[in-house]
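Report on the following structure.
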Amino acid sequence: MATTGLAVAVEPPRRRMSPRRRARVARGIQYAVLLAAALALVLSTDWSRVGSSFFNPDAARPMLHTVPAALRNTLVYTVGAFAVGLSLGTLLALMKLSTVRPYRWIATLYIEFFRGIPALLVVVAFGYAVPVALGVRIDSVITKAALALGMVSAAYIAETLRAGIQAVPRGQVEAARSLGMSHTRTLMTVVIPQAFRIVLPPMTNEIILLTKDTSLIFLLGLTAAEYDLTKIGREALVNATGGLTGLFVAGAGYLLITIPLGLLARWLERRSGGGHRP
Amino acid sequence: MSNSPTADQSDAPVVDIRGLRKSFGEREVLRGIDLQVASGEVVCIIGPSGSGKSTLLRCVNLLEQPTAGTIRVLGTEVTDPDVDIDHVRTHVGMVFQQFNLFTHRTVLDNCTLAQRNVLKRSKAEAERIALANLTLVGLADRADAHPAQLSGGMQQRVAIARALSMDPHLMLFDEPTSALDPELVGDVLAVMRDLAEAGMTMLVVTHEMAFAREVGDRVVFMDDGQVVEIGPAEQVISSPREERTRTFLQRVVDPTHAAAARGTVAD
């Protein structure tokens, strides 16, 4: 067997094209496919219909005055849910890293449960089942939304934080401890600030997902003042004649939140990694 | 000369290790160590890799938990489970092979963080002490730099300044120059030599035999979890009594011809 392998390797290559030339040809083919697909799309689409159903200014105008409030509501729901998710997620991450075994079990159970069920179920549960089952009335939609979505995102955030904390080199902890810092002090001043840098990109993802998940809270039953972006989009879809324009406006609203968020994260990442540059 | 026993300045040893054993699972890496370090003394620990020297050092400030035996540091029995080890560690500086500077903080912050958190010094006082120690290691002008902007040798000197800023009574060095490019070793050793001459009690795990001979008061040769030979630095390095010490030193001093020498030894 070994001698066969050797013989093949020693034989001069029989290919007619060099690997580099083949790569160039492959790239050329990819550009050609792209061009053909773009052409087909442009020629086969009825642009006036797309325009009138997605970008109909007449349909967009009446809903525009609702956009600022909806944008604000979506932001408030997101921030509330993230506050709950981050605090609960931090607690769960620390429980998961605890030396006390039952804490680890509880955290694992929670994470597996809330990561495994759809967020929609949790929102519905908070809207209807929880008030009945526990006999508590939560009047504020913001609180309900923050709790429901926050509990779901806590599961994801906990795992992200745990991985981030474990990625901080052991030597950092040893250095802090050998200076006489307590376990907690070390965690607060050395481990968590460094874990923050590591978890920044996955945490940005988490906030963006959370922003979009706020679209589920219409299930709680909203008054007009509590409408979020998706809700006004859906309302426009029902009421107006502009086809899907309402959805386009709602979608643009989300991008107005998520794109700056991505830019902010990139800026923070560059800044916290700034130690490497003079 | 550094050989003269500065040992008897005070009666109680700074470090007193008795019957120390340490196992990682089934593997016993320290098999009954006895070692005393007197105040102002510089003790260098040498030996082949895997002989347990680093583990021994890490047991002194309890980064490793001993399996058996007692260790007294600065008069406190650190192996006693009721002892506040954080308090003892405050007075024991440690320098690591990989520097372990806090990468998210500036050089100055590295030197003030524990001063402020643990010793509760004011910002101004902590910075004054940090800058004095950074001056001592020749890096006061880099106070605002981040660790990643410094060479390995500079980082290690900052690590020494960081430890000194806590006003330690004992310094532990765990192979402080092993991760450095050869041309950067000298600066770190010079700082350590100054420290020794200023009277600091030091326990140094090292592969720098010239340093051990010149700066060390005593040298400990360890192999296979035990102290094989211990004595005045000059004597252990230049005329070792034990065969194993001699073989090790030959390999370190002249690695290329060690294989041949080993052949002779086997005969």
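The analysis underlying the following values was restricted to heavy atoms, covering all of them including side chains, and did not include hydrogens, waters or symmetry mates. On a predicted model such as this, the values are computed, not experimentally measured, just so you know. Lettering of chains follows the sequences in order, A, B, ..., and the numbering in each one begins at 1.
- For B:Arg105 against A:Thr189, the heavy-atom pair with the smallest separation is NH2-O, 4.5 Å.
- For the atom pair CG of B:Asp86 and OG of A:Ser178, the computed distance is 10.5 Å after rounding to the nearest 0.5 Å.
- When heavy atoms are compared at a cutoff of 4.5 Å, A:Arg177 approaches chain B by way of both its backbone and its side chain.
- Contact annotation for B:Arg58: only side-chain heavy atoms (C-beta onward) come within less than 4.5 Å of a heavy atom of chain A.
- Across A:Gln172, A:Arg197, A:Gln194, a single residue satisfies side-chain hydrogen bond (donor to acceptor under 3.5 Å, both in side chains) together with B:His104, and that is A:Gln194.
- With rounding to the nearest 0.5 angstrom, the OG atom of A:Ser182 is 13.5 Å from the CD1 atom of B:Ile85.
- At least one side-chain heavy atom of A:Met181 sits less than 4.5 Å from a side-chain heavy atom of B:Leu113.
- Residue B:Val118 touches chain A through its side chain alone, counting heavy-atom pairs closer than 4.5 Å.
- By the neighbour-count criterion of 12 heavy atoms within 6.0 Å, atom NZ of B:Lys123 is sparsely surrounded, having that number or fewer from other residues, nucleotides or ligands.
- Contacts of B:Asn117 with chain A are made by both backbone and side-chain atoms, with heavy-atom separations under 4.5 Å.
- Taken from CZ in B:Arg89 to CG in A:Leu179, the straight-line distance is 10.5 Å, to the nearest 0.5 Å.
- Formation of a donor-acceptor pair under 3.5 Å by the B:Asn100 side chain with backbone atoms of A:Gly171 is found in this model.
- Of the two parts of B:Phe102, the backbone and the side chain both hold a non-hydrogen atom closer than 4.5 Å to a non-hydrogen atom of chain A.
- Contact tally against chain A (heavy-atom pairs below 4.5 Å) for B:Leu101, B:Val88, B:Asp84: the top residue is B:Leu101.
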